[in-house]
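Down below is the structure, laid out as structure tokens.
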Amino acid sequence: VMEGSALADAMSEHPRVFNTLYVQMVRAGEKSGALDEVLKRLASYGDAQVKLQGQIFGAIAYPIILGIVGVMILVGLFVGVIPGIRDMFDSMPGGAANLPFITKFVFFVGDLLVGWWWLGIVLGLGGGFAFRRWGATEAGRTRWDKVRLRIPIFGKVGRLVGVARFCRTLSTLLVSGVPIISALEIVESVIGNVVLADAVKKCAVNISEGQSIAVPLKASGEVPPLV
């Protein structure tokens with residue numbers, strides 16, 4: 001800034017600290033002469049985002065903890081308890097040959113966890129790496145974002161988070177003086193879901209053609225009717 005650069009241009013050189021949303025809002029504030037108000041809105045926006053993230057974590061932390069505890073209990077049963085039960089059955093007349101199929105399957109899973117536990121780690125790491133590579137492609141990310149919106153409970157939370165981010169970000173940009181087409185392009189880049197971002201992109205196209213912003217949102221089927 002001391003060398004004559006605009007504050008927005010200086011901030012744009014540090015994208016890891018100031019994203020496109022911040023840079024564009026500061027640029028609009030500089031042009032409109034309301035930079036102080038824009039910075040206050042950015043502070044409020046940041047606080048609201050942190051609060052939203054806390055609410056999301058609070059909503060999903062309990063089921064995640066329950067899931068982890070459940071898996072640990074199952075592993076403990078398969079590794080520690082079931083082998084002892086199997087020895088008891090083997091000592092009985094006829095051994096394990098007369099056991100039902102489901103019981104034999106449980107014993108098989110227990111043997112797999114005890115003798116081949118390392119294979120599960122290898123498959124997990126390999127599957128995670130392959131999934132990340134697939135998710136990095138355009139087709140893979142689009143497919144995964146569609147699946148995320150359809151997952152019970154979590155899909156609804158994810159959709160509401162994306163819609164809330166869309167509304168809050170667009171509102172902040174418009175109040176700060178950013179033109180609506182530019183504002184929608186920024187929202188598209190920060191909304192965090194390809195499916196919802198595509199609906200926002202269609203909104204920008206509709207507005208540039210002199211039409212409504214609501215029609216493509218409704219047509220996407222991803223935005224609640226109230227919005």
side-chain contact (heavy atoms from CB on, under 4.5 Å) between Asn193 and Val161: does it pass, once the steps are laid out?
-> CA-CA 10 Å; Asn193 186 287; Val161 169; over 6 Å; no

Point-to-point distance, once rounded to the nearest 0.5 Å, from [atom1] of [X] to [atom2] of [Y]:
X      : Y      : atom1 : atom2 : answer
Leu173 : Ile186 : CG    : CD1   : 5.0 Å
Lys146 : Ile151 : NZ    : CD1   : 15.0 Å
Met25  : Leu42  : CE    : CG    : 4.0 Å
Leu123 : Leu119 : CG    : CG    : 4.5 Å
Thr20  : Arg27  : OG1   : CZ    : 10.0 Å
Arg41  : Ser171 : CZ    : OG    : 9.0 Å

Is any side-chain heavy atom of Asp47 less than 4.5 Å from a side-chain heavy atom of Lys51?
->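 Heavy-atom side-chain distance check fails, nothing below 4.5 Å.
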
Are the side chains of Val205 and Glu209 in touch, meaning some heavy atoms are under 4.5 Å apart?
->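 Sidechains of Glu209 and Val205: in contact.
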
Output yes when a side-chain donor or acceptor of [X] lies under 3.5 Å from a complementary backbone atom of [Y], and no otherwise.
X      : Y      : answer
Asn19  : Tyr22  : yes
Asn206 : Ser212 : yes
Thr137 : Arg133 : no
Thr169 : Arg165 : yes

Kindly give the heavy-atom pair with the smallest separation between [X] and [Y], and that separation in Å.
X      : Y      : result
Leu184 : Val200 : O-CG1, 3.5 Å
Pro224 : Leu160 : CG-CD2, 4.3 Å
Val23  : Ala8   : CG1-O, 3.5 Å
Gly162 : Ile191 : O-CG1, 3.6 Å
Gln24  : Val178 : O-CG2, 3.9 Å
Gly29  : Val38  : CA-CG2, 3.6 Å

Common cluster, [X]/[Y], ILVMFWY with side-chain heavy-atom separation under 4.5 Å:
X      : Y      : result
Val215 : Phe166 : no
Phe57  : Val157 : no
Tyr62  : Val71  : no
Val147 : Trp134 : yes
Met72  : Leu66  : no

Leu52/Arg168 under side-chain contact (heavy atoms from CB on, under 4.5 Å): CA gap, chis, key distance, verdict = CA-CA 11 Å; Leu52 179 62; Arg168 183 179 293 112; 3.9 Å; yes

Given side-chain contact (heavy atoms from CB on, under 4.5 Å), test Val106 with Phe78 step by step and report yes or no.
-> CA-CA 8 Å; Val106 170; Phe78 278 113; 3.6 Å; yes

Flag if over 12 foreign heavy atoms under 6.0 Å of CZ, Arg143 =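 No, the 6.0 Å shell around CZ holds no more than 12 heavy atoms from other groups.
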
Take atom CD in Glu138; do more than 12 heavy atoms of anything else shown fall under 6.0 Å from it?
->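 No, not enclosed.
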
Salt bridge (charged side-chain N to carboxylate O under 4.0 Å, His left out) between Lys202 and Asp198, intermediate numbers included = CA-CA 6 Å; Lys202 291 177 181 177; Asp198 184 61; 3.4 Å; yes

Determine, step by step, whether Val223 and Lys218 satisfy the side-chain contact (heavy atoms from CB on, under 4.5 Å) criterion, reporting the C-alpha distance in whole Å, the side-chain angles of both residues, the deciding distance to 0.1 Å, and the verdict.
-> CA-CA 7 Å; Val223 179; Lys218 181 179 180 181; over 6 Å; no

Check side-chain contact (heavy atoms from CB on, under 4.5 Å) between Glu222 and all other residues, then give those that pass, not counting sequence neighbours.
->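 Here the qualifying residues are Leu149, Arg150, Arg159, Val195, Leu196, Ser220.
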
